[in-house]
Amino acid sequence: MKVKFLTVLSLALILMLGACGKKDADIQKAAQDKLAADSVAGATVTVKDGVATLSGQVADITVKNQAEASVKAVEGVKSVNNTITLRPVAVATPPPADPKLQGTIDQNLKKAGCTGATVETIAGKVTIKGTVPSAKYAECVQVVSQSGAAGIDNQLQKK
Amino acid sequence: MSVQEKYQTLLELANQNGTSYTLSEANGVLHIDGTAPSEEAKQQLWDEYNRIDPDYRGGDLMLNISAGGAAAGGGQHTYTVESGDNLSKIAQKYGTNWKAIYDANRDILTDPDMIQPGQELKIPQ
């Protein structure tokens with residue numbers, strides 16, 4: 001009787017273990033399909049004991065987040081270990097010394113009605129100072145941000 | 001936290017509202033250069049920027065987004081139909097509705113449900 005009980009127990013155990021292993025493989029396949037369906041490029045996923053591990057290198061952080069969200073949504077995934085790295089972004093080449101930069105910004109500020117704002121350009125980095133009406137504030141910052149300058153030191157004040 | 005992480009919701013929004021962009025980085029300053037499909041989409045990005053970095057004081061982002069329509073000098077924007085597109089989907093990208101696009105392209109479309117890959121559609125402003 002005891003022997004029979006042990007046999008049944010071990011059989012059940014083997015079955016359970018087998019089921020678990022298969023399940024991981026199934027989950028992994030589902031997770032891979034989900035990544036492909038959500039157009040996540042560059043990420044690979046493995047599943048062990050219901051824990052999904054994401055690896056690889058992707059274009060930017062939005063893709064990394066998307067990969068995690070996609071895999072989390074797969075049935076059977078208990079948690080996600082996201083080890084994806086981000087492809088280094090291009091190094092912004094410092095713009096060639098542009099003697100016109102200051103003039104262009106001045107002109108565009110004037111066009112946008114940002115009287116009261118003054119800019120100073122040193123090595124492509126623009127410092128904007130002065131005071132402009134609140135309603136104009138965002139627009140005045142935009143002018144500098146869109147000028148092709150290497151950086152901005154925003155000291156502009158609102159009236 | 002990397003600059004990219006700081007502005008991740010901004011990048012996600014750009015993906016959602018159809019803004020194409022490229023990233024570059026120098027001296028801890030993230031440059032996002034791109035084109036938004038409309039003035040509204042561009043404004044959404046600036047609103048999100050303001051939410052992350054109130055009054056844009058951080059100096060760690062150069063957000064250089066032009067609005068698609070404005071960049072074309074006020075001229076009409078055109079869109080080339082890709083496989084799997086429909087008018088509603090295209091309209092969503094440009095913040096307009098399918099009827100407006102259909103009406104602007106009556107000369108080449110006879111049925112709003114029938115568009116072909118490769119067709120060039122005029123996108124009304």
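We name chains A, B, ... by the order of the sequence lines, and we start the count at 1 in each one. Predicted model, so just to flag it, every value in this text is computed and none were measured.
- For A:E120, there are no salt bridge (Lys or Arg N to Asp or Glu O under 4.0 Å) partners two or more places apart in sequence or in a different chain.
- Residue-level contacts of residues 60-73 of chain A with chain B, in order of numbering, are A:D60, A:I61, A:T62, A:N65; threshold 4.5 Å between heavy atoms.
- Hydrophobic clustering, with ILVMFWY side chains joined whenever heavy atoms are under 4.5 angstrom apart, keeps A:V51 apart from A:V74.
- Of all heavy-atom pairs between B:V29 and A:A150, the closest is CG1-O, 4.0 Å.
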Subject >> Worked check of side chain to side chain contact (heavy atoms under 4.5 Å, CB included) between B:W46 and A:S145 >> reply: CA-CA 11 Å; B:W46 275 90; A:S145 204; 3.7 Å; yes

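- Residues B:I65 and A:Q146 come closest through the heavy atom pair O-OE1, 2.8 Å.
- Both the backbone and the side chain of B:D55 come within contact range of chain A, each with at least one heavy atom under 4.5 Å from a heavy atom of that chain.
- Residues B:L61 and B:I52 share a single hydrophobic cluster, defined by chaining ILVMFWY side chains whose heavy atoms lie under 4.5 Å apart.
- The two atoms that bring A:V91 and B:S24 nearest to each other are C-CB, 4.4 Å, heavy atoms only.
- Taking CD of B:Q43 as the reference point, atom CD of A:Q142 lies at 6.0 Å (rounded to 0.5 Å).
- Of the two parts of A:K158, only the side chain, counted from C-beta on, holds a non-hydrogen atom closer than 4.5 Å to a non-hydrogen atom of chain B.
- Of residues 4-21 of chain B, those residues with a non-hydrogen atom less than 4.5 Å from any non-hydrogen atom of chain A are, in numerical order, B:Q4, B:E5, B:Q8, B:L11, B:E12, B:N15, B:Y21.
- Applying a 4.5 Å heavy-atom cutoff, none of the residues of residues 112-119 of chain B approach chain A.
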